[in-house]
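Data block below; observations after.
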Amino acid sequence: MEINKMNYSQFVGLVDERNRPSGGIRTVQIATLNARIDRNSKVLEIGSNTGFTSVNISLLTGAEVVGIDYNGPSVEKAREYANNMGAERVKFLEADATRLPFGDGEFDMVWCSNVTSFIEDKDKAIAEYLRVLKPFGTLILVPIYYHISPPEKIRKAVSNAIGCEVGVWDKQFWLDAFKRNAYKHNVALEKYFDQEFQYLDRSANLKEYTELQLSKIDRNNYSDEEWVKIQEKAKYFYTLFNENNFKYARYSVILLQKRLVEEEAELFISRAVE
C-alpha cells in the first residue's frame with residue numbers, strides 16, 4: 001500500500017505501535033477495580049487490536065480473558081504480546097463483533113472501550129455484546145466523544161485518518177445508544193460508574209514520541225523518499241489527534257450492569273465534592 005494512502009490503523013501496523021485505550025494502563029486499573037473483576041471472572045474484549053488491554057486485564061486481576069479482532073495480523077501480534085508477557089489466561093480470536101462466536105451469557109464482563117465508533121452497524125454490535133453478557137454482568141465502555149463541537153475540517157480529517165465516518169457524538173449519544181438497544185432486547189442497563197477525563201495538550205512531546213515510534217522501523221527497508229513520507233505521515237497523524245482530543249474531545253470510563261428490569265428514576269442525585 002502507498003504510504004500516502006494509509007489510514008491511521010494501517011500506519012500503526014507499520015510502526016508496530018501498541019494500541020491502548022484512552023488513559024492507558026490507568027484506565028484498565030480503574031475499570032477492573034470498579035467492575036470487581038477477579039481471577040474467577042471471564043472477560044471478553046471487543047476489538048482487542050494488538051492485545052494491550054486484554055493482557056493487562058488478566059495481569060492485573062488474574063481473570064480469564066478472550067480478545068477478538070477482525071484484523072488477522074493484529075490477532076497474531078496480540079498472541080505474541082501475551083506470550084512475551086506470560087499472560088497464560090488470555091487468548092485471541094479473529095472474529096466479527098456483529099457475529100460473535102460465543103454462547104448466550106458466556107461472559108461476566110464485556111469490554112468494548114471505544115471500538116463501537118468504528119463499527120458501521122452499531123446496533124447489531126451492541127446487541128451481540130448484550131447477548132454474550134451474563135445477567136448482572138458488566139459492560140465496560142471507554143468512549144471518546146466531543147464535549148465541544150469541532151470545526152468541520154477537523155471532523156472530516158479525523159474521519160479520513162481513521163478510515164470511517166465520525167459524527168459529532170457526545171457522551172449522551174453513546175449512553176442512549178446502549179440503553180436503547182438493551183430496551184429492544186428486553187433487558188436494562190444500569191449505569192453504576194462514570195468517570196470523565198479530559199486530554200492534556202501533548203504538543204511539546206510530539207517530536208520525541210514520533211522519533212520513538214519511528215525508531216522501531218528498519219530504515220533499510222525504505223528508500224529515502226519513502227522514509228520522508230513515513231515521517232510526514234507520523235507527524236500529521238499525531239498532530240491531528242492531539243489537536244482534536246485536547247481542544248474538543250473527552251473520554252469516560254463507564255460501567256453498565258445488565259439487569260432484567262429497568263430501575264425507577266432517581267429524584268435526589270448528587271456529585272462528589274472536590
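- Atoms CG and OG1, from Leu189 and Thr138 in turn, are 10.0 Å apart once rounded to the nearest 0.5 Å.
- Residues passing the side chain to side chain donor-acceptor pair (under 3.5 Å) test with Glu196, sequence neighbours excluded: Tyr145, Lys171, Arg250.
- Taking the side chain as every heavy atom from C-beta outward, Thr61 and Asp38 never approach each other to under 4.5 Å.
- Side-chain contact of Asn244 with Tyr146: a donor-acceptor pair under 3.5 Å is present, judged by distance alone.
- Annotation: Tyr183, atom OH; neighbour count of heavy atoms from other residues, nucleotides and ligands within 6.0 Å does not exceed 12.
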From CA spacing to verdict: side chain to side chain contact (heavy atoms under 4.5 Å, CB included), Phe193, Leu256:
CA-CA 7 Å; Phe193 183 86; Leu256 304 170; over 6 Å; no
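- The number of heavy-atom neighbours closer than 6.0 Å to NZ of Lys91, taken from other residues, nucleotides and ligands shown, is 12 or below.
- A salt bridge is defined here as a Lys NZ or Arg NE, NH1 or NH2 lying under 4.0 Å from an Asp or Glu carboxylate O, and Asp176 with Lys179 fails to meet this definition.
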Step by step, would you call Gln29 with Leu60 a side chain to side chain contact (heavy atoms under 4.5 Å, CB included)?
CA-CA 7 Å; Gln29 170 70 354; Leu60 286 170; 3.9 Å; yes
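- Between the side chain of Gln10 and the main chain of Asn7, a donor-acceptor pair closer than 3.5 Å is present.
- Using modelled atom types, no side-chain atom of Arg219 and backbone atom of Leu214 make a donor-acceptor pair closer than 3.5 Å.
- Within the 3.5 Å criterion, the main-chain N or O of Lys42 finds a donor-acceptor partner in the side chain of Asp108.
- With Glu243 contributing its side chain and Leu240 its backbone, the two residues share no donor-acceptor pair below 3.5 Å.
- A donor-acceptor pair under 3.5 Å links the side-chain atoms of Lys258 to the main chain of Leu133, judged by distance alone.
- Between Leu206 and Thr239, the closest side-chain pair of non-hydrogen atoms falls below 4.5 Å.
- Distance check, rounded to the nearest 0.5 Å: CG of Leu200 to CG of Asn245 gives 11.0 Å.
- Note on Phe11: it clusters hydrophobically with Tyr222, by side-chain heavy-atom contacts below 4.5 Å among ILVMFWY residues.
- Within the 4.5 Å cutoff, no side-chain heavy atoms of Phe107 are placed close to those of Val43.
- Here the side chain of Arg155 pairs no donor or acceptor atom with the backbone of Val158 at under 3.5 angstrom.
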Worked verdict on Thr116 versus Tyr129 for side chain to side chain contact (heavy atoms under 4.5 Å, CB included)
CA-CA 10 Å; Thr116 316; Tyr129 308 164; 3.0 Å; yes
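- Distance CD/Gln231 to CD/Glu226: 12.5 Å, rounded to 0.5 Å.
- Counting all heavy atoms, side chain and backbone alike, Trp174 lies closest to Pro143 at CD1-CB, 3.9 Å.
- Considering all non-hydrogen atoms of both residues, Thr53 and Val28 come closest at CG2-CG2, 4.3 Å.
- Side-chain contact check for Lys124 versus Ile119: every heavy-atom pair is 4.5 Å or farther apart.
- Between the side chain of Lys207 and the backbone N or O of Ala204, no donor-acceptor pair lies under 3.5 Å.
- The side-chain heavy atoms of Met109 and Leu44, taken from C-beta on, include no pair separated by under 4.5 Å.
- Annotation for Tyr70: atom OH does not count as buried by contact number, only 12 or fewer foreign heavy atoms lying within 6.0 Å.
- Asn114 and Ser22 share no side-chain donor-acceptor pair at under 3.5 Å.
- Side-chain contact check for Ile46 versus Trp111: every heavy-atom pair is 4.5 Å or farther apart.
- Nearest heavy atoms, Ser41 versus Ile37: OG-CA, 3.6 Å.
- The CG atom of Leu93 sits 8.0 Å away from the CD1 atom of Ile68 when rounded to the nearest 0.5 Å.
- Side chain of Glu128 to backbone of Ala97: no donor-acceptor contact under 3.5 angstrom is found.
- Taken to the nearest 0.5 Å, the CE atom of Met85 stands 5.5 Å off from the CG atom of Leu59.
- Counting non-hydrogen atoms of other residues, nucleotides and ligands closer than 6.0 Å to CD of Gln198 gives a total of 12 or fewer.
- Counted by atom type alone, Ser54 and Glu45 present one or more donor-acceptor pairs between their side chains at under 3.5 Å.
- Atom-to-atom distance recorded for Asn71:CG and Thr50:OG1 is 10.0 Å, nearest 0.5 angstrom.
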If you apply the rule salt bridge (charged side-chain N to carboxylate O under 4.0 Å, His left out), what do you find for Lys247 with Asp201, and how did you get there?
CA-CA 8 Å; Lys247 290 184 177 180; Asp201 184 7; over 6 Å; no
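- Under a hydrophobic-cluster definition in which Ile, Leu, Val, Met, Phe, Trp and Tyr are linked whenever side-chain heavy atoms come within less than 4.5 Å, directly or via other members, Tyr192 and Leu141 are assigned to different clusters.
- Neither Val253 nor Leu139 shares a network with the other; the hydrophobic side chains, linked directly or stepwise wherever heavy atoms of I, L, V, M, F, W or Y lie under 4.5 Å apart, form separate groups for each.
- There is no side-chain donor-acceptor pair under 3.5 Å between Tyr236 and Glu232.
- Here the shortest heavy-atom pairing between Gly24 and Phe52 reads C-CE2, 4.1 Å.
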Check the pair Arg79, Glu76 against salt bridge (charged side-chain N to carboxylate O under 4.0 Å, His left out), reporting the backbone distance first and the verdict last.
CA-CA 5 Å; Arg79 289 169 178 162; Glu76 289 304 316; 2.7 Å; yes
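- In this structure, Val115 and Gly47 approach most closely via the heavy-atom pair CG2-CA, 4.0 Å.
- More than 12 heavy atoms of other residues, nucleotides or ligands sit less than 6.0 Å from atom NZ of Lys216.
- Grouping the Ile, Leu, Val, Met, Phe, Trp and Tyr side chains by contacts below 4.5 angstrom, directly or via other members, places Ile25 with Tyr81.
- In this structure a side-chain-to-backbone donor-acceptor pair under 3.5 Å is present from Arg89 to Gly62.
- Thr27 is listed as a side-chain neighbour of Tyr251, based on a closest heavy-atom distance under 4.5 Å.
- The nearest pair of heavy atoms linking Asp69 to Ser48 is OD2-N, 3.5 Å.
- In this structure, Ile217 is a member of the same hydrophobic cluster as Tyr209, with clusters built from ILVMFWY side-chain heavy atoms closer than 4.5 Å.
- Under a 3.5 Å cut-off, the side chain of Glu208 and the backbone N or O of Asn205 do not form any donor-acceptor pair.
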Could you walk me through whether Glu80 and Asn83 pass the side chain to side chain contact (heavy atoms under 4.5 Å, CB included) test, one step at a time?
CA-CA 5 Å; Glu80 181 181 352; Asn83 182 63; 5.8 Å; no
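- Looking at Asn242 and Tyr199, their side chains never come closer than 4.5 Å, going by heavy atoms from C-beta outward.
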